[in-house]
Amino acid sequence: MDKLNSLRAFVKVVELGSFSEAGRQLRLSRSAISKYVGELEQDLGVQLLNRTTRHASATENGQAYFERALSILADLNAADQAVAQAQSTPRGLLRVNAPMSFGTLQLGPAIADFMAQCPELQIQLVLSDDQVDPMQGGFDVTLRIADLESSSLIARKIVAIDRVVCASPDYLRQHGTPKLPEDLRSHALLTYGFLLTGNQWKLTGKNGDDHWIQPSWTLCVNNAEVLRDAAIKSRGVALLPTFIAGDALRAGSLRGVLSAYKAPPLTLYAIYPPTRHLAVKVRLFIDFLVARFSGVPEWDKQLKT
């Protein structure tokens with residue numbers, strides 16, 4: 001027996017004095033209402049309603065049961081509202097995992113602003129360039145800059161991240177400015193070798209022609225800030241995300257080259273476990289990131305490439 005629906009059917013019949021009217025309000029057939037009430041009476045072993053062809057009224061036992069049932073349903077409704085209210089106000093702990101450089105350069109200030117919007121929320125941010133398992137790590141949201149492999153996790157695109165081939169003005173004065181992608185083979189290259197493409201650089205011309213460069217690298221590292229710093233110190237040519245190279249490009253300590261060719265943009269994703277009811281803290285945080293970084297992100301404005 002469905003006790004909860006039986007209670008609701010019984011209370012509605014007493015309130016309206018009619019099986020048919022109760023069915024209309026609950027969007028059930030008259031026979032379904034009658035079945036619910038009949039099962040409730042059978043379970044209790046008492047008659048709750050006096051029935052005629054047009055009207056239904058509570059018996060003495062039914063009236064006492066009706067009053068208790070009203071109280072039970074009111075308490076249940078209050079509990080539902082309390083949970084809904086908790087769901088509408090983000091509270092508790094939000095655990096976030098993000099790449100190191102993006103976390104320190106871009107995400108940190110964003111999280112500080114998000115905290116101002118959600119003062120009752122605790123945020124634990126773990127920065128790491130390791131490909132951690134979001135489920136095993138117990139993270140509510142994992143941010144990744146990568147081409148994602150298929151999985152059971154849900155991924156939402158936050159923003160495309162452009163990349164630029166760049167070097168310091170001093171390096172270019174000493175070694176010349178590459179005009180074609182193939183010219184890079186004669187330069188010292190600084191490379192991030194931990195993408196799915198490995199050490200290869202892919203550059204696409206305006207007519208759609210692809211150029212694959214296998215760098216003869218002098219520095220390979222899994223942190224692009226190190227590559228940026230080496231490029232500023234004239235150690236070679238680097239292919240860098242613009243959120244890392246942007247300040248140096250604006251300041252002129254790095255200069256973009258091969259502007260007629262573009263590297264495929266990377267993508268920042270927010271990854272979270274599949275769930276029927278997404279926690280409000282997760283939804284609000286991801287929505288905040290989309291609003292913060294969508295369009296032309298701040299780091300791409302006024303670049304001297």
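No hydrogens, no waters, no symmetry mates; every other heavy atom, side chains included, goes into these values.
Residues Pro178 and Leu172 form a side-chain contact, since some pair of their non-hydrogen atoms from C-beta on lies under 4.5 Å apart. When side chains are defined from C-beta on, Arg292 counts as touching Asp113, because their heavy atoms get closer than 4.5 Å. Contact annotation: the side chain of Phe10 approaches that of Leu48 to within less than 4.5 Å [non-hydrogen atoms, C-beta and beyond]. Proximity of Leu70 to Glu15: side-chain heavy atoms (C-beta onward) are separated by under 4.5 Å at one or more points. Looking at heavy atoms from C-beta onward, Leu121 lies out of side-chain contact with Phe285 at the 4.5 angstrom threshold. Two residues are said to be in side-chain contact when any heavy atoms from C-beta on lie closer than 4.5 Å; Ile271 and Val141 fail this criterion. Inter-residue side-chain proximity for Leu268 and Leu143 is flagged as met; some heavy-atom pair is nearer than 4.5 Å. Side chains of Thr191 and Leu219 form no contact here, defined as non-hydrogen atoms less than 4.5 Å apart.
In the hydrophobic cluster analysis, where Ile, Leu, Val, Met, Phe, Trp and Tyr join through side-chain heavy atoms closer than 4.5 angstrom, Trp217 is grouped apart from Leu240. By the rule that hydrophobic residues join a cluster once side-chain heavy atoms approach within less than 4.5 Å of another member, Leu16 and Ile33 end up as members of separate clusters.
Separating the CD1 atom in Ile213 from the CG atom in Leu189 is a distance of 8.5 Å, to the nearest 0.5 Å. In this structure, the separation between CG on Asp229 and CG on Asn223 is 8.5 Å, given to the nearest 0.5 Å. A distance of 9.0 Å separates CG in Asp210 from CG in Leu203, rounded to the nearest 0.5 Å. Annotation: the span from Leu249 atom CG to Asp300 atom CG amounts to 9.5 Å, rounded to 0.5 Å. The CG atom of Leu289 sits 7.5 Å away from atom CD1 of Ile286, with the distance rounded to the nearest 0.5 Å. The distance from atom OG of Ser168 to atom CD1 of Ile232, rounded to the nearest 0.5 Å, is 8.5 Å.
Cation-pi geometry between Arg144 and Tyr269 is not satisfied (NZ or CZ under 6.0 Å from the ring centre, within 45° of the ring normal).
The distance between the ring centers of Trp201 and Tyr192 does not fall below 6.0 angstrom. Ring to ring, Phe293 and Phe102 are close: their centroids are under 6.0 angstrom apart.
Remark: side-chain polar atoms of Arg163 are paired, donor with acceptor, to backbone N or O of Pro264 under 3.5 angstrom. Counting only distance, with no hydrogens or angles, the side chain of Asn97 and the backbone of Val126 share a donor-acceptor pair below 3.5 Å. A donor-acceptor pair under 3.5 Å is absent between the side-chain atoms of Ser34 and the main chain of Arg30, judged by distance alone. The backbone N or O of Glu39 sits nowhere less than 3.5 Å from a side-chain atom of Asp43 that would complete a donor-acceptor pair. Of the possible donor and acceptor atoms, none in the side chain of Lys12 sits under 3.5 Å from a partner among the backbone N and O of Leu26.
The aromatic rings of Phe114 and Phe288 are tilted relative to each other, their planes meeting at an angle between 30° and 60°. The aromatic rings of His187 and Tyr171 sit tilted, their planes meeting at an angle between 30° and 60°.
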Notebook entry, point to check: What do the steps show when you test Phe243 against Ile145 for side-chain contact (heavy atoms from CB on, under 4.5 Å), and what is the final call?
Noted result: CA-CA 12 Å; Phe243 77 82; Ile145 301 173; 3.8 Å; yes
Check: Stepwise, does the side-chain contact (heavy atoms from CB on, under 4.5 Å) test hold for Gln117 with Leu284?
Finding: CA-CA 10 Å; Gln117 294 184 15; Leu284 288 180; over 6 Å; no
Note to self: Assess the residue pair Thr242 and Asp162 against the criterion (side chain to side chain donor-acceptor pair (under 3.5 Å)); give the C-alpha distance rounded to whole Å, side-chain angles, the decisive distance to 0.1 Å, and a yes or no.
What the structure shows: CA-CA 6 Å; Thr242 52; Asp162 289 333; 5.3 Å; no
Next item on the list: Could you walk me through whether Ile123 and Met115 pass side-chain contact (heavy atoms from CB on, under 4.5 Å), step by step?
Entry: CA-CA 8 Å; Ile123 300 176; Met115 290 172 64; 3.7 Å; yes
Next item on the list: Go through the steps to decide whether Gln124 and Val96 satisfy the test side-chain contact (heavy atoms from CB on, under 4.5 Å), and finish with yes or no.
Entry: CA-CA 6 Å; Gln124 184 179 34; Val96 180; over 6 Å; no
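Ion pairing between Asp170 and Arg235 fails under the 4.0 Å rule for side-chain N and carboxylate O.
Lys35 meets the salt bridge (charged side-chain N to carboxylate O under 4.0 Å, His left out) test with no other residue; sequence neighbours excluded. Scored by the ring-ring contact (aromatic ring centres under 6.0 Å, His included) test, His55 finds no partners at all (sequence neighbours excluded).
Considering all non-hydrogen atoms of both residues, Val164 and Ala245 come closest at CG1-CB, 4.3 Å. For the residue pair Tyr272 and Asp140, the shortest heavy atom distance occurs at CB-O, 3.4 Å. Pairing each heavy atom of Leu190 with each of Ala231, the nearest pair is CD1-N, 3.5 Å. Taking every heavy atom of both residues into account, Pro181 and Leu258 meet most closely at N-CD2, 4.0 Å. In terms of heavy atoms, Phe19 sits closest to Ala56 at CE1-CB, 3.7 Å. Between Ala116 and Pro119, the shortest heavy-atom distance links the atoms O-CD, 3.9 Å.
The salt bridge (Lys or Arg N to Asp or Glu O under 4.0 Å) pairs that include a residue from residues 50-79 are Glu41-Arg51, where partners are two or more places apart or lie in different chains.
With 3.5 Å as the limit, one finds no donor-acceptor pair spanning the side chains of Gln47 and Thr59.
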